[in-house]
Visitor: 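First the structure, which I've put down as C-alpha cells, then a few questions once you've had a look.
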Amino acid sequence: MVFTDIVGSTSTMQADEDEARRRRDRHRSAVESSVDRWRGEVVQFYGDGSLSVFESAVDAVRCAGEIQADVQRPPGVPLRIGIHSGDVVRDDSGVFGDAVNVAARLEALCVAGGVLVSDKVYDEIKNQGDLETVLLGPVHLRNVARPTPVHALALPHLVVPRAHDVGAAGAPAPAGVAVLPFANLTPDPENAWFADGLAEEVINALTRVPGLKVTARTSSFAFRGREQDVREIGRALGVGAILEGSVRRAGTRVRLTAQLIDASDGFHLFSEVYDRTLDDVFAVQDELARTIVGQLSPRLLDTPTASSRQRPHDAGRWDGQAYDLFLRARAEVARWTPPAMRKALELCRRSVEIDPGRPEPWATMGTAWIFLGGTGQVPPAEAYRETETAVARALELDPDDAVALTNRALRLLFTGGGSDAALATLDHALTVAPGLAFAYQARTYALLYGRRFADAVEAGQAAVELDPLSPVYLETLGSAYLAADRIDDARRVLDRALAIDPSFRSATQVLAWTHLAGGDLDRATELMDSLPAKAGFPEAAAGSRGYLYGLAGDAPRAREMLALLEARKIREPDVELDIDMAMVYLGLGEHDRMFERLEAASTRHRGALFFMRWAQLWDDLRDDPRIQALLED
C-alpha cells in the first residue's frame with residue numbers, strides 16, 4: 001500500500017485557494033500516471049491524499065520515488081509518502097485492515113519530499129542496487145502494538161528525515177555537524193579567502209573527533225549564498241547541527257562570530273564572538289571545535305582522544321603573516337586545478353620561510369605536489385620527490401598530521417610502494433582524523449590497487465557520506481562500483497556527480513567506461529567525444545577515444561589520436577602521455593607497440609600504471625607475463 005498526502009493543505013487553502021487547487025490537481029496527475037506505469041491501482045483519492053495498491057513492493061517503491069520526482073519539479077508540491085505491505089480487506093467502501101493502518105501512520109510521520117517504508121517493504125527491496133535506504137530506527141505507531149522499524153528511501157532527489165524527526169524510539173541525538181562558509185564582513189572582497197580558510201580550519205579540527213560526522217568543505221560550502229532554512233540544509237547533508245558565522249578583519253585584528261544551530265528546529269545551541277589578533281586566531285579553531293563537541297554530545301569528551309586532541313605544535317602560535325599566506329594557499333588548493341596548485345606551492349613556500357615550524361603548509365605542499373605529479377603536470381620523479389620532502393617535514397613537526405599521512409599513502413601508491421604500506425599509513429591518518437573524507441578517498445584507491453573491490457566500495461561510500469555533494473568523491477565511488485562490476489550503481493553516482501558539475505571531465509570519462517562495460521560502444525564513444533569541448537583543447541581524452549575508435553574498427557581516427565598525442569608530447573615534454581598512446585595501440589590490437597609505450601611509462605612514471613591494476617580494459621591482458629612484470633611492486 002502506498003499512501004500520499006500533500007503537506008500543509010489546510011493552511012494553503014485558507015491563504016490561496018487557487019494554489020491549493022493547483023497542488024491537488026498536480027498531485028492527482030502525478031499519482032495517476034506513475035501508478036499506471038508501475039502496474040498498480042489507485043484505490044481512492046481522499047481530500048489531498050491517495051491510496052494505491054501494488055502486487056510488487058519493488059514496483060511500489062519505485063513508483064513512489066517517481067511521484068516525488070514529478071511533484072518536485074517547479075512549481076512543486078510538498079508531498080509525503082508512506083509504504084507498507086500486508087493483507088488487506090476490500091469491500092464496496094474501499095480497503096482496510098492493519099496493513100493499511102501502518103501505511104497511513106508511516107505517511108503521517110514522513111516529511112515533505114520524503115518516502116518512508118516499513119521493515120517488511122525493506123526486506124523486499126534491500127537487494128535492489130538503485131533503491132538505497134537509511135534505517136531510522138523502531139518507531140511507536142499509534143494503534144500498533146509493537147515498535148515498527150522504519151526506513152527512509154534515500155534517492156538523490158528525496159528528503160531523508162532523521163531518526164528524531166520521526167520519533168524513533170531511543171534515537172540518539174544527532175552527532176553530525178556541517179560548517180557553512182563564514183560570511184566575509186570586511187569591505188575588501190579579496191578577504192573572502194580568509195573567511196573561507198577559517199571555516200575550513202574549523203572543519204579540520206572537528207574531523208579529529210572520534211564519533212563525530214563532519215561534512216567536508218565541498219558539500220558544506222555548496223550552500224554559500226543560499227537563502228535556505230538550516231533545517232533543509234541539515235536534512236540535505238544528514239547532520240544534526242549547523243555552524244554558521246562571519247569574519248571581520250581590520251589589519252591584524254580579527255572578529256569571528258559563530259552560531260551553532262540545531263538543524264531539527266532551527267534554535268541556537270550557542271553563539272559566541274571571538275576578538276583576536278591574527279597571531280592567535282588559530283587557537284580559536286580548537287576552542288570552537290571543543291565547544292561544538294560539548295554541545296552536540298558530552299559523552300564524546302569522556303575519552304582522552306575525543307576533544308580535538310592536543311598536538312605537539314598546538315601549544316605554539318602562528319606568525320600572523322605566515323598564517324595569512326597559508327589560508328590563501330588552502331583557498332587555491334580547493335580550486336583543484338593545475339594553476340591553482342602551483343599558486344598554492346608558492347604561497348606555502350612563503351609561509352614556511354616566515355614560520356618554518358608549522359606542519360600545515362608543508363602538508364598542503366604535499367597535496368599540491370601529489371596533484372601535479374598524479375595528473376602528469378610535472379615530471380613524476382620531481383613531483384614525488386618533492387611530495388616526500390614536504391610530507392616528511394610535516395610529519396617531523398606533527399607525526400599525526402592526517403593530511404600529510406594521506407599524501408604519503410598516495411605517493412606510495414603512485415611510486416609502486418604497494419597497497420599494504422599505503423593502507424597502514426591511511427589507518428594511522430583515520431585513527432587521528434576519523435572524519436577526513438580525503439583519507440577515505442585515498443583508501444578507496446589503495447584498495448582498488450590491491451583489487452579488493454568490495455572493500456573499495458565501502459571506503460568510497462564513507463568518503464561520499466562525509467562529502468555528499470563532492471563530484472570528485474562521487475567519481476571515485478563510481479570507479480569503485482565499476483571495478484566491482486556494479487554498473488548500475490556506478491552510473492547512478494556518476495550521474496549525481498555530473499548533475500552537480502556537468503563540466504567534470506573525469507566523471508564523464510568513467511561514465512563512458514560503464515557504457516563500454518555494458519556493451520554499448522556507441523554511447524561510450526559519444527561520451528568520450530564530448531570531452532574536448534568540455535576541456536577546451538582537442539587532445540582531451542585522446543588515449544581513451546583512440547582506444548574506442550580502435551575497438552570500433554576505425555583505425556584512421558585512432559591514428560589521428562596518436563598524432564594529437566605525439567604533437568602534444570613535443571609541445572609539452574614534461575606531460576606524461578605514454579600510457580595514453582598505449583591505450584590507442586591496445587584498441588588497434590598492436591600489442592608490441594603498446595608494450596613499448598607501457599615500458600616507457602613504467603620508466604618515467606610508475607603512477608601511470610596505477611589504473612592498470614584494476615581498470616577493466618586491461619583485463620584480457622592481465623595474465624600476460626609482460627603485464628605482470630610491469631605491475632610488480
Side-chain angles (χ1 to χ4, degrees), residues 58 61-62 65 69 125-134 153-158 218-219 413 419 437-438 440-531 534 541 543-545 547-548 551 583 610-620 622:
V58 173
V61 173
R62 288 188 171 137
I125 69 170
K126 63 185 178 184
N127 294 322
Q128 302 296 317
D130 61 324
L131 297 178
E132 292 189 6
T133 61
V134 173
L153 192 59
L155 302 181
H157 63 281
L158 296 180
T218 305
S219 294
L413 289 177
S419 62
F438 178 39
Y440 278 109
Q441 182 200 28
R443 184 173 177 80
T444 306
Y445 284 130
L447 291 164
L448 287 172
Y449 184 100
R451 297 184 62 79
R452 294 167 55 184
F453 298 144
D455 292 337
V457 165
E458 289 187 9
Q461 290 170 335
V464 168
E465 182 178 355
L466 291 166
D467 205 347
L469 301 181
S470 167
V472 174
Y473 295 151
L474 287 166
E475 182 268 329
T476 300
L477 177 56
S479 296
Y481 276 136
L482 175 59
D485 205 27
R486 295 173 59 175
I487 306 302
D488 290 341
D489 289 331
R491 289 178 188 162
R492 174 174 49 80
V493 297
L494 293 165
D495 285 340
R496 282 173 56 190
L498 290 168
I500 296 168
D501 182 3
S503 67
F504 188 26
R505 289 156 46 196
S506 184
T508 302
Q509 214 163 348
V510 179
L511 184 61
W513 294 127
T514 70
H515 285 283
L516 182 64
D520 191 345
L521 177 58
D522 290 341
R523 179 57 178 156
T525 304
E526 180 184 357
L527 286 166
M528 288 293 187
D529 283 344
S530 72
L531 292 171
K534 287 187 177 186
S544 301
R545 291 156 60 208
Y547 169 74
L548 295 177
L551 285 186
M583 290 173 63
F610 168 72
F611 294 97
M612 287 186 63
R613 292 184 169 274
W614 50 273
Q616 291 179 336
L617 76 159
W618 302 103
D619 281 351
D620 290 343
R622 209 168 295 284

Visitor: If I take atom CG from residue Leu527 and atom OG from residue Ser544, how far apart are they, to the nearest 0.5 angstrom?
Guide: 12.0 Å
Visitor: Report the C-alpha distance between Asp489 and Val457 in whole Å, list the side-chain angles of each, state the deciding distance to 0.1 Å, and finish with yes or no for side chain to side chain contact (heavy atoms under 4.5 Å, CB included).
Guide: CA-CA 10 Å; Asp489 289 331; Val457 165; over 6 Å; no
Visitor: Just to verify, what does Tyr445 make a ring-ring contact (aromatic ring centres under 6.0 Å, His included) with, not counting sequence neighbours?
Guide: Phe610
Visitor: Can you find a pair of side-chain heavy atoms, one from Ser479 and one from Trp513, that are under 4.5 Å apart?
Guide: no
Visitor: Under the side chain to side chain contact (heavy atoms under 4.5 Å, CB included) criterion, do Trp614 and Arg452 qualify, and how do the steps go?
Guide: CA-CA 9 Å; Trp614 50 273; Arg452 294 167 55 184; over 6 Å; no
Visitor: Give the minimum heavy-atom separation between Ala442 and Leu413, together with the two atoms involved.
Guide: O-CD1, 4.3 Å
Visitor: Do Gln616 side-chain atoms and Leu482 backbone N/O form a donor-acceptor pair below 3.5 Å?
Guide: yes
Visitor: Does any part of the side chain of Leu511, heavy atoms only, come nearer than 4.5 Å to the side chain of Asp495, both counted from C-beta?
Guide: yes
Visitor: Does CG belonging to Asp620 count more than 12 external heavy atoms closer than 6.0 Å?
Guide: no
Visitor: Considering all heavy atoms of both residues, which atom of Ala490 and which atom of Thr514 are nearest to each other, and what is their separation?
Guide: CB-CG2, 3.9 Å
Visitor: Give, for atom OH of Tyr440 and atom OG1 of Thr476, the distance between the pair rounded to the nearest 0.5 Å.
Guide: 15.0 Å
Visitor: Give the minimum heavy-atom separation between Leu516 and Tyr547, together with the two atoms involved.
Guide: CD2-CE2, 3.9 Å
Visitor: Can you see whether Tyr449 has Arg613 sitting over its ring - NZ or CZ less than 6.0 Å from the centre and within 45° of the normal?
Guide: yes
Visitor: Would you give the length of the straight line joining atom CG of Leu447 to atom CD of Glu458, rounded to the nearest 0.5 angstrom?
Guide: 9.0 Å
Visitor: Any non-hydrogen side-chain atom of Val61 less than 4.5 Å from a side-chain atom of Leu153?
Guide: yes
Visitor: Grab the two heavy atoms, one from Leu466 and one from Pro468, that are nearest each other, plus how far apart they are.
Guide: C-CD, 3.6 Å
Visitor: Consider only side-chain N and O atoms of Gln461 and Tyr481, and report whether a donor and an acceptor are under 3.5 Å apart.
Guide: yes
Visitor: From Asp529 CG over to Glu526 CD, what is the distance, rounded to the nearest 0.5 angstrom?
Guide: 8.5 Å
Visitor: Say you draw a straight line from CD of Gln441 to CG of Leu474; how long is it, rounded to the nearest 0.5 Å?
Guide: 11.0 Å
Visitor: Taking C-beta and beyond as the side chain, do Pro471 and Thr218 meet within less than 4.5 Å on heavy atoms?
Guide: yes
Visitor: In sequence, state the C-alpha distance, the side-chain angles, and the governing distance for Thr508 and Leu498, and then conclude on side chain to side chain contact (heavy atoms under 4.5 Å, CB included).
Guide: CA-CA 7 Å; Thr508 302; Leu498 290 168; 3.4 Å; yes
Visitor: Considering non-hydrogen atoms only, spot the tightest contact between Leu469 and Ser219 and give its length.
Guide: N-OG, 2.5 Å
Visitor: Could you tell me which non-hydrogen atom of Pro156 sits nearest to which non-hydrogen atom of Arg496, and how far apart they are?
Guide: CG-CD, 3.3 Å
Visitor: Could you tell me if the side chain of Arg492 sits less than 4.5 Å from the side chain of Glu132, heavy atoms only?
Guide: yes
Visitor: Using modelled atom types and a 3.5 Å cut-off, is there a donor and acceptor pairing between side-chain atoms of His157 and backbone atoms of Gly65?
Guide: yes
Visitor: So do Phe504 and Val472 actually touch side chain to side chain, heavy atoms under 4.5 Å?
Guide: yes
Visitor: Quick check for you: to the nearest 0.5 Å, what is the distance between Thr525 atom OG1 and Leu548 atom CG?
Guide: 4.5 Å
Visitor: Kindly indicate, with the supporting measurements, whether the criterion side chain to side chain contact (heavy atoms under 4.5 Å, CB included) is fulfilled by Thr133 and Lys126.
Guide: CA-CA 8 Å; Thr133 61; Lys126 63 185 178 184; over 6 Å; no
